[in-house]
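Some notes on the structure that comes next.
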Amino acid sequence: MESGNRTAIKVKTTVKLRKELGGWLLASPYLAMAVLFFLIPLGWSLSLVFFDWNLISPVRNYVGFYNFREALSSTRVHNAFLNTYKFMAIIVPSVMVVSLGLALIVHHLPRLKQFYAVGFFLPYLASGVAISLVVRGILSYDSAFNEFLRSVFGTSPRWLRDSFWATLVISAMIVWKLSGYYALIFLAGLQGIPRELYEAAALDGAGPFTQFRKITLPLLYPAFYTVLVLAVGLCFGIFTEPYVLTGGGPRFATHTWQLEIYYQAFERFRAGYGATVAVLNAVVTFASILVIRRIVESWGTRRGFR
Amino acid sequence: MRNFLKVFVGILVLGLVGSSQIEITFWSAPNPSQEVFWRRMAEAYMAEHPGVKITVSPMPETPTSEAGILAAIAGGVAPTASENVFIGFGDELVRSGAIVPWNAFTGWDELIVARSMSSTIKAWEFPDGNYYIIPLYVNAMLCAWRIDILRELGYDRPPRTYSEVLEVGERLKAVYPDKFLWLRSELEVPTWWQRWFDFFVFYYAASKGQALITGNEITADDKAAVEVLRFFKTLRDKKLLITEPLATGFEVGATVMTVLGPWSFPWWKENYPELVYGETFVLSPPPVPDWYPVDEPIYTFADAKGVVMYAQATPEQRQAMWDFIQWVLSDPEHDLLWVEITGMLPARDDVGVNPLFTGYVEKNEPALLPYAKTIPFAVPPFAHPEYVEIQELMGLECIYPVLIGELTPEEGWQAWKAAIAPLLK
């Protein structure tokens with residue numbers, strides 16, 4: 001009897017091991033890629049932060065924490081830090097509203113839902129450089145749009161040369177680019193809400209607005225949560241739009257972490273300092289996402305959404 | 001058995017010949033026409049020198065060609081030599097011990113004479129007295145004017161001084177209120193290399209080519225610099241200079257003047273065939289302050305780049321590359337081919353007077369002639385380890401605040417000098 005149990009345990013263990021091995025095998029391409037393109041560069045970057053080095057000089061100057069001190073007192077880094085939250089304050093609520101709106105529209109379409117969903121997703125695939133050039137054309141001083149504004153209002157904004165408008169333009173471009181993608185997440189959430197809930201609510205006399213507030217929004221909490229975390233993380237990675245349109249100006253009004261890393265590492269060839277800014281960026285990104293997650297989770301728990 | 005031996009010996013001989021062949025690599029600029037030139041040179045050289053195998057490929061340009069070179073050196077896969085290096089980046093490479101001096105090779109002096117570079121090469125000397133870059137081409141920056149529009153306004157030649165420019169501008173606005181004299185949206189952008197194509201051009205013209213920075217000292221002509229800033233500010237205040245992007249520009253006559261390098265001509269020929277030198281546009285040196293002597297030449301900025309040899313190459317490879325470069329640059333016909341293929345002028349003292357070049361230029365691309373004649377007065381970028389930050393600060397601390405009226409030209413200039421002082425220690 002005992003030996004039978006032992007054999008059974010042995011078989012179970014072997015099956016489990018085989019399954020685990022299979023899992024590891026299937027995950028191995030991703031793991032290899034993560035090690036090669038994430039962990040090794042991360043380790044390399046972390047080792048660079050203590051040096052003043054341009055990657056090629058035979059002499060690596062050990063500077064201890066000097067790079068951190070310089071970065072923490074740099075106006076350029078301060079601007080990148082603050083601008084990220086400025087962009088976040090515009091982008092995150094806007095992208096939530098627009099993508100939810102798109103998802104609701106597509107969800108209620110009688111037919112061709114997939115077609116429209118893919119259509120709204122397309123901007124996400126578009127080249128940032130190409131879109132930026134198109135936007136620059138639309139907002140150029142002599143564009144039809146600005147000619148129209150001048151004919152009606154007598155003036156047109158300095159779209160890309162005024163800090164307020166430049167921030168707004170870049171934010172709008174990012175919202176436009178991402179809304180279709182995030183709408184798919186909301187759409188998946190909407191499609192997962194049982195129709196019976198709405199029918200029951202309707203029988204109880206709930207109108208469309210009440211149904212939306214009491215059923216749709218609470219049940220979309222996981223989608224909101226996902227989109228929020230993605231959108232917040234994205235704000236720390238803004239690069240192409242300000243790089244092409246404003247160069248981070250005017251006066252660093254659209255300067256971002258990624259622009260600063262690029263400038264230091266690839267234009268000034270300060271690999272050590274660039275790595276330091278990248279590490280600070282990573283720390284601030286993780287901290288910000290953590291704080292926002294905690295806030296949203298506790299809010300969700302309080303409201304009974306989780 | 002005998003046949004087998006023959007084949008074996010044959011393979012052995014081929015193997016020995018193959019192994020005695022020196023392999024060198026050359027990175028051309030990431031510009032198809034330059035790649036074509038170097039490929040043709042390499043093929044011709046290899047036909048004459050079977051012991052050398054030259055592989056030509058365009059340099060990686062992601063995210064920039066400079067970063068591509070640094071990454072290759074860091075990864076130990078640098079080519080034997082490459083072009084497309086300007087003196088500022090060359091200085092970075094020299095300080096890192098990544099490139100070797102050309103003048104250490106036997107035959108350097110002969111090459112300088114053969115290529116007629118005695119005067120041009122002076123600007124490429126490094127502080128240690130060595131020459132790490134052989135200048136390949138010099139694109140002097142000139143001002144192009146829409147002469148068809150100027151004629152409509154009653155002028156038969158472009159303005160020479162600031163006052164004349166302002167006068168043309170006032171008449172332009174009176175006749176065409178929607179046109180601008182100059183579009184330079186980058187003036188409000190701090191991007192460091194944009195300064196080459198605005199402030200530097202006008203500054204070198206106003207200062208008779210006075211160096212901005214020499215070693216670790218600011219050697220700029222303050223008076224000239226302030227005049228240039230005041231000129232920019234006046235142009236903007238009078239709405240003659242537009243610093244916002246325009247969808248159209250000089251090519252369609254929305255603006256009358258532009259700072260131009262010769263690389264624009266092939267593009268114009270393809271897209272704006274109506275732009276004909278002498279008919280719709282002419283070229284002139286950059287405008288100068290009113291006090292600038294009439295009989296003195298006007299200087300300008302030169303976008304100039306050259307060839308460097310990387311220290312990672314073996315001594316044999318270096319010698320082979322030197323022989324190849326010497327062969328390419330010693331023959332004026334090769335420089336003529338360079339002009340024909342790339343449309344850019346070689347960095348030679350005689351490019352504006354040698355009939356070989358002037359004859360070709362007059363017949364095929366007369367607009368290049370003013371560029372050729374300006375080369376002796378064209379100043380290449382300055383070499384300083386902090387050139388990027390120095391030029392970035394010029395936009396941030398000086399030009400932008402002056403343009404928006406936050407600082408006077410004098411204050412703006414002093415602000416830039418103060419901002420770069422810590423970088424010059």
Side-chain angles (χ1 to χ4, degrees), chain A residues 44 48 53-60 75-76 79 132-147 150 156-163 165-166 239-240 242-255 258-259 261-271 274, chain B residues 62-76 78 89 92-99 178-180 183 185-194 242-249 252 254-255 310-312 385-392 395-397 400-401 403-404 406 423:
Chain A
W44 177 242
L48 279 178
W53 191 42
N54 66 358
L55 287 181
I56 59 167
S57 175
V59 184
R60 283 193 202 195
T75 316
R76 301 178 67 98
N79 277 291
S132 300
L133 292 175
V134 170
V135 168
R136 195 166 75 166
I138 293 170
L139 299 180
S140 60
Y141 180 83
D142 55 348
S143 67
F145 177 52
N146 277 324
E147 296 282 1
R150 280 196 294 276
S156 59
R158 283 164 41 83
W159 296 106
L160 303 173
R161 296 290 179 261
D162 177 277
S163 51
W165 289 112
F239 175 75
T240 310
Y243 179 74
V244 176
L245 293 175
T246 62
R251 279 274 173 76
F252 295 124
T254 56
H255 194 59
Q258 303 306 317
L259 281 179
I261 294 165
Y262 177 83
Y263 175 69
Q264 298 295 347
F266 298 115
E267 295 200 329
R268 290 188 73 190
F269 311 118
R270 299 181 69 197
Chain B
T62 309
T64 62
S65 58
E66 285 84 6
I69 291 171
L70 282 192
I73 297 170
F89 181 55
E92 180 81 23
L93 296 174
V94 170
R95 287 186 301 111
S96 304
I99 53 178
D178 292 337
K179 285 189 193 294
F180 293 91
L183 159 66
S185 63
E186 294 82 359
L187 263 178
E188 286 195 35
V189 176
T191 311
W192 65 273
W193 54 267
Q194 294 287 3
I242 178 160
T243 52
E244 287 176 62
L246 277 188
T248 56
V252 297
T255 61
Y310 294 96
Q312 282 180 4
E386 294 288 355
Y387 66 94
V388 170
E389 185 70 350
I390 288 171
Q391 290 179 219
E392 185 98 351
L396 282 169
E397 302 292 334
Y400 182 73
L403 282 179
I404 63 168
E406 202 174 85
L423 301 169

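Proteins come first, then strands; the chains are lettered A, B, ... in the order of their sequence lines, and each starts at number 1.
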Intermediate values then yes/no, salt bridge (Lys or Arg N to Asp or Glu O under 4.0 Å), B:Glu392 and A:Arg268: CA-CA 10 Å; B:Glu392 185 98 351; A:Arg268 290 188 73 190; over 6 Å; no

May I have the step-by-step check of side chain to side chain contact (heavy atoms under 4.5 Å, CB included) for A:Thr246 and B:Glu188, ending in yes or no? CA-CA 9 Å; A:Thr246 62; B:Glu188 286 195 35; over 6 Å; no

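The structure places OG of B:Ser185 at 11.0 Å from CZ of A:Arg158, a figure rounded to the nearest 0.5 Å. Rounding to the nearest 0.5 angstrom, the gap separating the CD atom in B:Glu244 from the CG atom in A:Asn146 is 7.5 Å. Between the OG1 atom in B:Thr64 and the OH atom in A:Tyr262 there is a gap of 5.0 Å [rounded to 0.5 Å]. Atom CZ of A:Phe269 sits about 4.5 Å away from atom CZ of B:Phe89, to the nearest 0.5 Å.
For chain A, the nearby part of B:Glu406 is the side chain; its heavy atoms alone come within less than 4.5 Å. Both the backbone and the side chain of B:Pro401 come within contact range of chain A, judged by heavy atoms closer than 4.5 Å. With a threshold of 4.5 angstrom between heavy atoms, B:Ala247 approaches chain A through its backbone and through its side chain. Of the atoms belonging to A:Leu160, it is side-chain heavy atoms, and not backbone ones, that fall under 4.5 Å from chain B. Only the side chain of B:Glu386 comes within contact range of chain A, with at least one heavy atom under 4.5 Å from a heavy atom of that chain. Looking at A:Arg270, neither its backbone nor its side chain comes within 4.5 Å of chain B, counting heavy atoms on both sides.
Of the listed residues B:Glu186, B:Glu389, B:Glu66, the one with more heavy-atom pairs under 4.5 angstrom with chain A than any other is B:Glu389.
In terms of modelled atom types and a separation under 3.5 Å, the side chain of A:Asp142 and the main chain of B:Thr248 share a donor-acceptor contact.
Between A:Tyr141 and B:Phe180, the angle of the ring planes goes over 60°, which puts this pair in the perpendicular group of the 30/60° scheme.
Nearest heavy-atom pair across B:Ala98 and A:Ile56 is CB-CD1, 4.0 Å. When all heavy atoms of B:Leu70 and A:Asn54 are compared, the closest pair comes out as CD1-O, 4.0 Å.
Applying the side chain to side chain contact (heavy atoms under 4.5 Å, CB included) criterion to B:Val189, with sequence neighbours excluded, gives A:Arg161, B:Thr191. Listed by chain and residue number, B:Asp91, B:Glu92 satisfy the salt bridge (Lys or Arg N to Asp or Glu O under 4.0 Å) test with B:Arg95 (two or more places apart in sequence, or in another chain).
A salt bridge is defined here as a Lys NZ or Arg NE, NH1 or NH2 lying under 4.0 Å from an Asp or Glu carboxylate O, and B:Glu397 with A:Arg251 fails to meet this definition.
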